[in-house]
Novice: 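One structure, pasted below without further comment.
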Amino acid sequence: MAGSTLTIDLDAIAANWRALAHASGHAEAGAVIKADAYGLGASRVGPALAMAGARRFFVALTEEGVLLRRALGPGPEIYVFSGHMAGDTGSIRDHALFPLLNAPEQVARHQSALPGHPFGIQLDTGMNRLGMEEAEWQELSADLIAAGPRLIMSHLACADEPDHPMNATQLAAFRRMTDGLAVARSLAATGGILLGPDFHFDVTRPGVGLYGGLPFANARPVVHLSLPVIQIRDVAAGETVGYGNAWAATRPSRIATLAAGYADGLIRAMTGRAQVFTGDTPCPLVGRVSMDMMGVDVTHLPTAPEILDILCPAQGVDALAEAAGTIGYEILTALGNRYERSYTGAAA
Ligand SMILES: *Cc1c(COP(=O)(O)O)cnc(C)c1O
């Protein structure tokens, strides 16, 4: 029997990139494809975005950059958010990766290990996650600017909330630290692009919007996930389904058991809250989501389904996330590696 199928529309990813590039105005749109392109496969997504016109790629870790370089070949710039970490020197050099240096120790490491090798700079403007603090930057900026960084960037903590005062605070800090420098600047991820031109600077860094997720509400859907039915049974009123007897039938019911569970990223928090679909018709999950399976009430369907969809036009990534009490980013990056991944679109 066929397993679950995760279909990834590379044309939709390219269209989302073009839309976010357009929304970036005069700035050049890069592409964030960390965490294996948010779980969708960087070795397929990267070349599709390069074909669409992306020239600057961003990953979280040097190891991700190495794999991406193999997929992209020479040419596109690959920036690494975690910067130049101990042990990364050989990979950074051999695969022409550009570390985004985030602390004085990384600056020292990079300048002694790979003098002359291209790099970028990360500044902290208030998120307190990665990047040099203002005082550190003041100390080092003259030397670093003289060395010709490819990019100076910072990251917004609250860009998905347009009215949040943190956006203006971080924008002011970024300008204070970088105005007047002759270096390309980058502040906006998906949310920042949508905040408008003040946030765009020279390069934008869209991630989740490429993959169809909020806050890019106009994104084209990218993923479709179909789960096969293993078995269907009739249960009488009063019978229970699944671990812990967490659900009991209140009427005679037909229950389908689907071949995916929390080991596939369909997290246990979906229990009792998420639905699957056949076309537009919803079917509620019943009983606890278990590791490899979940139960679904299909009593109302006229025919026994062979496949039910959990990501589809009727329920996108963010709707499923809402039902699971999480965000689209986490749904995407949790999608397990037991799915057969199938790519569609001209770039496939
Ligand atoms: C993940 C990330 C991005 C992309 O953010 P999205 O919200 O997915 O668009 C951009 N910049 C940095 C530093 C990131 O960590």
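In each ligand, atom 1 is the first atom listed, and ligand 1 is the first ligand listed.
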Novice: Which hydrophobic side chains are connected to Leu171, either touching it within the sub-4.5 Å cutoff or through other members that do?
Specialist: Leu101, Val107, Phe119, Ile121, Leu123, Met132, Trp137, Leu140, Leu144, Ile145, Ile152, Leu156, Phe174, Met177, Leu181, Val183, Leu187, Leu195, Phe199, Phe201
Novice: Among residues two or more places apart or on two chains, list those pairs meeting side-chain hydrogen bond (donor to acceptor under 3.5 Å, both in side chains) that have a residue in residues 259-268.
Specialist: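 Passing the test, one end in residues 259-268: Asp264-Arg338.
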Novice: Does the pair Asp202/Arg56 count as a salt bridge with the N-to-O cut at 4.0 Å?
Specialist: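 Answer for the salt bridge query: no.
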Novice: Could you tell me how the ring of Phe98 sits relative to the ring of Tyr79: parallel (under 30°), tilted (30 to 60°) or perpendicular (over 60°)?
Specialist: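 Geometry flag for Tyr79 against Phe98: perpendicular rings.
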Novice: Please determine whether a side-chain nitrogen of the Lys or Arg among Arg175 and Asp198 lies less than 4.0 Å from a carboxylate oxygen of the Asp or Glu.
Specialist: no
Novice: Would you mind listing each N/O atom of ligand 1 next to any protein N/O under 3.5 Å, plus the distance?
Specialist:
{"residue": "ligand 1", "atom": "7 (O)", "partner": "Tyr329", "partner atom": "OH", "Å": "2.6"}
{"residue": "ligand 1", "atom": "8 (O)", "partner": "Tyr38", "partner atom": "OH", "Å": "2.5"}
{"residue": "ligand 1", "atom": "8 (O)", "partner": "Val208", "partner atom": "N", "Å": "2.7"}
{"residue": "ligand 1", "atom": "9 (O)", "partner": "Thr190", "partner atom": "N", "Å": "2.9"}
{"residue": "ligand 1", "atom": "9 (O)", "partner": "Thr190", "partner atom": "OG1", "Å": "2.5"}
{"residue": "ligand 1", "atom": "9 (O)", "partner": "Gly207", "partner atom": "N", "Å": "2.8"}
{"residue": "ligand 1", "atom": "9 (O)", "partner": "Val208", "partner atom": "N", "Å": "3.4"}
{"residue": "ligand 1", "atom": "11 (N)", "partner": "His155", "partner atom": "ND1", "Å": "3.4"}
{"residue": "ligand 1", "atom": "11 (N)", "partner": "Arg205", "partner atom": "NE", "Å": "3.0"}
{"residue": "ligand 1", "atom": "11 (N)", "partner": "Arg205", "partner atom": "NH2", "Å": "3.2"}
{"residue": "ligand 1", "atom": "15 (O)", "partner": "Lys34", "partner atom": "NZ", "Å": "2.7"}
{"residue": "ligand 1", "atom": "15 (O)", "partner": "Arg129", "partner atom": "NH2", "Å": "3.1"}

Novice: Under the ring-ring contact (aromatic ring centres under 6.0 Å, His included) rule, collect the residues that match up with Tyr211, sequence neighbours excluded.
Specialist: Tyr38
